[in-house]
Amino acid sequence: MRSAANALEVDQLSRVFDVSAPWLTRMIDRKPKRYLRAVQDVTFVVERGKCLALVGESGCGKSTVARLVTGLYRPSEGAIVFGPSSDGRPMEAQMIFQDPHASLNPRWRVGDIIAEPIREFGLREGNDAINGRVAELLRTVGLSADDTKRFPHEFSGGQRQRISIARALASEPEFLVCDEPTSALDVSVQAQILNLMRKLQDELGLTYLFISHNLAVVRHMADRIAVMYLGRIVESGETEALFANPQHPYTQLLLQTIPDVTSPNRDRQMMGGEPPSPLDPPKGCAFHPRCPVASEICRSVAPDVRQRQGGGSIACHMAPID
Amino acid sequence: MTVATHPSMSDVPALDVRGLSVEFPTRKGVLTALSEVSLTIQRGEIVGVVGESGAGKSMTGMSVLGLLEPPGRISAGEIRIGGKRTDNLGESEMAHIRGRMVGAIFQDPLTSLNPLFSIGQQLIETIRLHSDRNRAEAKAHAIDLLKQVGIPGADERIDHYPHQFSGGMRQRVVIALALAGNPQLIIADEPTTALDVSIQAQITALLRELCREHGTGVMLVTHDMGVIAETADRVAVMYAGRVIEVGPVDEVLSRPKHPYTRGLMGSIPALGARVERLAQIDGAMPRLNAIPSGCAFNPRCLDAGPRCRQVRPAMVAEGKGAAEGGVACLVYDGGVQ
Ligand SMILES: Nc1ncnc2c1ncn2[C@@H]1O[C@H](COP(=O)(O)OP(=O)(O)OP(=O)(O)O)[C@@H](O)[C@H]1O
Ligand SMILES: Nc1ncnc2c1ncn2[C@@H]1O[C@H](COP(=O)(O)OP(=O)(O)O)[C@@H](O)[C@H]1O
Ligand code: SF4
Ligand code: SF4
Ligand SMILES: [Mg+2]
Ligand SMILES: [Mg+2]
């Protein structure tokens with residue numbers, strides 16, 4: 001821990017997956033083992049009580065980082081260090097997933113789903129106290145205490161996401177990892193959930209690692225943003241600064257291509273090319289085949305991550321040095 | 001098929017839906033999934049259809065394509081594609097209309113592509129089915145279409161199979177396939193929802209450009225208001241199986257009239273500025289078996305009055321008629337008291 005103000009410090013984190021064909025097939029076809037670098041040399045900190053967002057296109061490694069941070073995957077390299085929670089023990093992170101349908105056991109009643117972590121961690125003694133706590137959690141997320149008897153399928157998508165949040169809050173975490181928590185929801189329901197998450201953050205002092213591909217949502221939620229491309233963080237910084245003055249060509253292109261309701265651009269320039277395969281990443285800077293300002297060095301040398309004044313970072317040969 | 005190409009018919013809309021209702025008989029009674037939906041789309045015009053999941057967007061598109069799943073059935077209303085009435089056609093006639101008069105693009109490109117055939121085989125077959133080109137001419141046209149949708153190395157890629165393309169590329173191929181029969185109308189149901197943000201813009205820009213060039217009308221079904229803002233000419237907002245507001249896109253998005261549309265617009269986080277709290281429509285859209293009496297939106301509506309629980313608001317036309325522009329809310333039709 002470099003600073004007690006940090007809830008989480010992630011240092012040079014990498015995760016490699018073995019995606020080789022089965023041994024026998026490999027022997028017959030004389031193919032070598034294949035590895036996929038889903039996350040590479042990822043470094044970031046999340047300040048206590050703040051929200052850091054990871055953004056990027058499908059397959060860039062956002063969910064893998066989330067799963068590493070919550071311990072669902074082991075890192076191949078690097079360190080993940082949580083700061084102390086308010087009672088002095090290391091913080092533990094709870095996770096909220098994109099699909100509230102898949103993450104709730106369909107055969108359990110809502111009351112039991114939420115009570116399980118309370119029982120497991122022994123956070124309340126006796127059934128009355130546990131039931132009281134479940135009712136309180138349901139009210140916190142805008143549901144009613146009567147909902148304990150119902151099954152998940154009896155709820156709408158937005159209500160199921162509220163149940164997931166109540167369950168995540170049941171173990172009294174101070175850190176929540178939210179992987180696309182509103183991506184499966186309609187905009188009007190998304191607004192309800194985002195408002196709820198902001199309110200809970202204020203009231204309970206929660207720290208968020210928030211993952212989304214929707215930059216408008218991210219802008220609404222995050223204090224800081226880290227942009228990922230093919231397993232690496234290519235740019236990070238304070239939300240407003242990043243939106244006002246993106247430095248990395250990929251960030252610039254992302255911001256240019258998202259359609260916006262408030263200032264629609266009907267002659268939008270299209271971003272050329274498509275994301276490359278992580279199995280076969282381009283040499284040098286992984287973004288060079290799509291980069292409008294790539295030069296010779298970009299094709300052979302991967303840019304280092306440079307720290308910028310004001311706490312941001314950038315990984316691009318062409319970005320100005322400050 | 002002279003109807004489509006006759007010059008004096010060019011002001012016949014690509015699509016004209018009037019008072020369309022769709023029912024699903026179930027054991028517990030008949031569910032009305034669509035209620036008196038009216039919508040026109042001119043040739044070369046892109047009309048967005050927006051609304052929450054379950055509002056009836058896809059159902060409207062599927063009705064036009066003649067792909068309603070049984071026991072769903074059209075219980076009232078008329079559908080005309082390029083002036084030709086299609087809601088009363090049988091399946092074999094409708095199969096002929098699909099491809100030639102109306103094309104489809106769905107969320108998952110793989111539902112429109114056959115994994116067992118090369119994209120060239122699929123394009124050539126569709127072109128030959130809908131025109132009298134011979135094999136060589138059809139192939140040349142297929143390559144031309146692939147070039148138009150921006151597939152690099154089209155003469156080589158034409159022999160590749162769907163799995164050899166990325167998601168964005170596949171959706172381009174599906175657009176080429178939808179255009180192959182030179183239809184007057186394309187139904188695009190969430191065509192970019194499964195794609196990455198950077199690819200979404202490519203695909204919608206392509207759709208916009210090609211439909212202008214070919215004079216194709218497009219029904220663009222999506223829940224992404226940003227895509228609508230940048231692509232559509234007009235937009236229809238649906239709620240609980242009805243069109244509740246329709247009009248030019250900049251009107252509806254920047255000066256929404258219906259309380260639901262206003263709530264919807266406020267609930268979208270904007271890129272331009274951060275607000276403390278997003279506007280929020282409390283509650284949820286009713287299920288089909290529990291649609292409130294009067295205005296279906298009344299339990300959630302901040303402007304509701306006693307009349308809203310009794311009178312179902314009709315579309316009040318603006319401009320050229322209810323299918324072109326209008327709003328269905330009692331505030332604009334005699335008041336809520
Ligand atoms: N268990 C696994 N085994 C092999 N490869 C994996 C595994 N999990 C993830 N990957 C690969 O790692 C890369 C990053 O995946 P990840 O799920 O983190 O992406 P993501 O940024 O969350 O994308 P999305 O926006 O689609 O959710 C992808 O190429 C993915 O296919
Ligand atoms: N096969 C079916 N049987 C009964 N109801 C259906 C069927 N298919 C769709 N519906 C209902 O019709 C309504 C409209 O659905 P749909 O058009 O798919 O909505 P959208 O595309 O706007 O999300 C929904 O309430 C849906 O549940
Ligand atoms: S390092 Fe080169 S290729 Fe990569 S983003 Fe910067 S300029 Fe573009
Ligand atoms: S008719 Fe009444 S309830 Fe319906 S939207 Fe208008 S004001 Fe609201
Ligand atoms: Mg993911
Ligand atoms: Mg749909």
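As the structure is a computational prediction, the values presented were derived from the model and not from experiment. Numbered from 1 within each chain, the chains take letters A, B, ... in sequence-line order.
The part of A/A222 that comes within reach of chain B is its backbone (N, CA, C, O), which places non-hydrogen atoms under 4.5 angstrom from that chain. Both the backbone and the side chain of A/V187 come within contact range of chain B, each with at least one heavy atom under 4.5 Å from a heavy atom of that chain. Contacts between B/I268 and chain A at a heavy-atom distance below 4.5 Å involve the side chain alone, from C-beta outward. Looking at B/T231, the atoms closer than 4.5 Å to chain A (heavy atoms on both sides) all sit in the backbone: N, CA, C or O.
Considering every non-hydrogen atom in both B/A270 and A/R219, the closest pair reads O-CD, 4.3 Å. Taking all atoms of both residues into account, the shortest heavy-atom contact from A/H220 to B/P269 is CB-CB, 4.1 Å.
Chain B is approached within less than 4.5 Å, heavy atom to heavy atom, by A/Q190, A/A191, A/Q192, A/L194, A/N195, A/R198 from residues 190-200 of chain A, ordered by number.
To the nearest 0.5 Å, atom CG of residue B/L278 and atom OG of residue A/S188 are 11.5 Å apart.
Among B/R287, B/M265, B/E276, the residue with the largest count of heavy-atom pairs under 4.5 Å with chain A is B/E276. In terms of non-hydrogen atom pairs under 4.5 Å with chain B, the most contact-rich of A/E240, A/M221, A/Q159 is A/M221.
The environment of CZ in B/R212 is crowded: more than 12 heavy-atom neighbours from other residues, nucleotides or ligands sit within 6.0 Å. With a 6.0 Å radius and a threshold of 12 heavy atoms from other residues, nucleotides or ligands, A/E238 has its CD atom at or below the threshold.
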